[in-house]
Amino acid sequence: MTKGGSELPYVLGVDVGTTRTAAAVCRLGGAGRAEPEPVGLGGPGGGVASVLQLTPDGAFAVGEPGDPRCTATGFVRRVGDAVPVFLDGEPCTPEELTALLVRWVVDQVARREGEPPAHVALAHPVGWGAHARGLAHQALRAAGVDASLVPEPVAAAHNHAFGRPRPGGPDAFPPNTSPVGVFGLGSHGSCAAVVGRDFELVAAVDGVEQDAGAAFDDVVAAHVRASLGRELDELDADDPRTRGLFARLRRDCEAAKRLLSGTVETSIPVHLPSGRVDVPLTRARFEELIRPSVEHAAAAFARLVANAGGVGTTVLVGGSARIPLVAAAVPGRVVLEAAPETSVVKGAALAARRFVVGPEDEPEPIETSVMVRDDDPLLRFPVGGLDASDAEIAAPPPPRPPVDITPLDLPERRTVKRVVRALAATGGRRRARDHEDGR
């Protein structure tokens with residue numbers, strides 16, 4: 001067992017997002033230790049960037065963007081798409097790349113825990129139909145991972161139910177007393193869903209083309225450009241210092257967006273050649289700029305809920321759900337966890353635990369600080385914290401966003417398929433050797 005590991009067996013939840021991949025574990029025994037625990041993967045915020053790079057020696061690196069000809073991003077949203085992603089001139093399927101990333105997460109957590117998980121649950125976009133799920137299962141098995149697939153809204157409902165009182169006693173896992181609405185707003189899209197009393201997906205809309213967190217960063221950047229005018233426009237775009245300035249500005253715009261969820265005003269530093277300039281931005285102005293996009297997504301959610309017959313509670317998930325305007329735009333009683341970006345991955349771990357131990361042996365809930373909003377403005381107070389059937393008819397997959405990879409004919413190297421086969425055969429031992437070799 002590795003240092004920091006646990007003697008208790010565990011299950012693993014994985015959430016491969018468009019931008020960020022996260023993991024969480026649930027213990028299968030021991031008093032007070034069965035709550036879902038997010039696992040650090042070495043990247044900002046505990047997760048890791050959903051970036052996979054094929055290296056010259058035929059291995060792969062995760063979370064490390066490099067040569068765009070050998071780097072893939074955004075592939076999880078393209079699972080089921082027949083158009084391949086090219087890495088180093090080799091066509092790779094999006095589901096194969098997703099499986100590679102999941103396998104990497106499983107190996108990282110197994111090294112930390114000292115043993116592999118008893119079961120894995122992968123949270124996936126609601127846009128995956130039966131065809132995409134079947135391809136994902138095949139790719140995961142080829143990579144040596146036996147996993148259950150859980151739609152992201154269903155995982156969020158599992159996490160919400162974990163924090164509620166259990167009418168059947170502390171050992172009973174309660175079904176939802178009424179359908180739960182799930183409204184997600186992440187970095188590259190939105191999700192609206194209704195989850196039924198026994199965690200079945202009643203209805204869902206995947207807003208792949210919806211403006212979300214990354215588009216909101218663009219809004220902040222446009223505000224800076226409008227404020228500075230010619231000072232930015234006259235910079236030499238071919239100067240490496242200018243490219244560095246804009247890369248830094250992009251990160252500062254994202255940071256300002258996050259800060260405005262907790263404060264009413266901030267400023268964006270711009271490091272011009274003539275010196276630093278701070279551009280002020282208030283929350284009111286920021287929300288005015290993004291209001292059309294937020295209200296468009298909220299209206300789609302409201303229509304979905306109305307067609308499904310209503311919900312008792314709406315759970316907000318995703319990093320952009322922190323923006324106060326989002327909670328204000330969604331109708332009904334709204335619940336927002338202290339860390340909404342971890343709601344899905346924690347729910348995936350709980351779904352994996354339920355798969356192993358069954359619905360009648362779930363742990364005692366812990367208290368989680370949340371925000372509850374009702375249509376009554378006086379009702380604002382902290383409260384206790386908060387699988388789809390394969391028989392459903394598969395709708396044609398929606399258009400997938402392109403992956404920015406340029407095919408290039410290079411000398412033949414070890415293929416991704418061989419990497420998958422090697423992983424399935426050697427498991428964590430291969431990753432351990434790579435780590436020892438400094439890869």
Side-chain angles (χ1 to χ4, degrees), residues 11-24 47-48 50-52 60 62 72-85 87 91-107 109 116-117 119-156 158 184 186 188-189 191 193 199-201 204 206 208 344-345 347-349 351-352 355 387-403 416-417 419-421 423-424 427:
V11 292
L12 174 64
V14 182
D15 177 22
V16 180
T18 306
T19 302
R20 175 178 170 274
T21 293
V48 68
S50 298
V51 176
L52 194 149
F60 65 94
V62 172
T73 61
F75 41 83
V76 70
R77 289 280 176 181
R78 295 186 55 202
V79 169
D81 192 338
V83 178
V85 177
L87 286 181
C92 311
T93 66
E95 53 271 14
E96 185 176 54
L97 298 175
T98 301
L100 280 173
L101 183 49
V102 173
R103 179 56 191 262
W104 180 88
V105 172
V106 171
D107 287 347
V109 177
H119 191 66
V120 178
L122 172 63
H124 66 81
V126 293
W128 285 14
H131 175 65
R133 293 197 304 273
L135 292 175
H137 269 303
Q138 293 175 11
L140 287 166
R141 284 195 295 268
V145 179
D146 183 17
S148 299
L149 300 181
V150 184
E152 291 170 354
V154 173
H158 275 284
H188 288 86
C191 171
F199 304 105
E200 76 277 8
L201 192 62
D206 198 0
V208 175
V344 169
V345 73
F355 179 89
D387 301 329
S389 170
D390 283 338
E392 64 188 281
I393 303 299
R400 306 296 181 178
V403 176
V416 172
K417 295 188 189 318
V419 172
V420 173
R421 287 198 292 269
L423 281 171

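Keep in mind the model is a prediction, meaning the values are calculated, not measured.
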Considering all heavy atoms of both residues, which atom of [X] and which atom of [Y] are nearest to each other, and what is their separation?
| X | Y | answer |
| --- | --- | --- |
| Ala155 | Val150 | N-CG1, 3.8 Å |
| Ala147 | Leu140 | CB-CD1, 4.1 Å |
| Ala348 | Ala123 | CB-CB, 4.2 Å |
| Pro94 | Asp81 | CD-O, 4.0 Å |
| Ala121 | Ala352 | CB-CB, 3.7 Å |

Query - Trp128 side chain vs Val76 backbone, donor-acceptor pair below 3.5 Å - result: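 Yes.
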Would you indicate whether the side-chain heavy atoms of [Y] and [X] approach each other to under 4.5 Å?
| X | Y | value |
| --- | --- | --- |
| Leu52 | Leu87 | yes |
| Pro125 | Cys191 | no |
| Glu95 | Gln138 | no |
| Arg78 | Leu97 | no |

Query raised in the report: Residues two or more places apart in sequence or in another chain: which of them pass side-chain hydrogen bond (donor to acceptor under 3.5 Å, both in side chains) with Ser50?
Result: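 With neighbours one apart ignored, the set is Thr21.
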Query raised in the report: Under the side chain to side chain contact (heavy atoms under 4.5 Å, CB included) test, which residues partner Ala23, sequence neighbours left out?
Result: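 So Ala23 forms a side chain to side chain contact (heavy atoms under 4.5 Å, CB included) with Leu12, Val39, Leu41, Val105, Val109.
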Query raised in the report: Who passes side chain to side chain contact (heavy atoms under 4.5 Å, CB included) against Pro84, sequence neighbours left out?
Result: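 Counting only residues at least two positions away or on another chain, Pro84 forms a side chain to side chain contact (heavy atoms under 4.5 Å, CB included) with Phe86, Pro91.
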Return the [atom1] to [atom2] distance between [X] and [Y], rounded to the nearest 0.5 Å.
| X | Y | atom1 | atom2 | value |
| --- | --- | --- | --- | --- |
| Glu152 | Leu201 | CD | CG | 11.0 Å |
| Leu122 | Arg133 | CG | CZ | 12.0 Å |
| His137 | Asp146 | NE2 | CG | 8.5 Å |

Query raised in the report: Given Pro117, which of Val106, Val11, Val14 fulfils the side chain to side chain contact (heavy atoms under 4.5 Å, CB included) condition?
Result: Val106
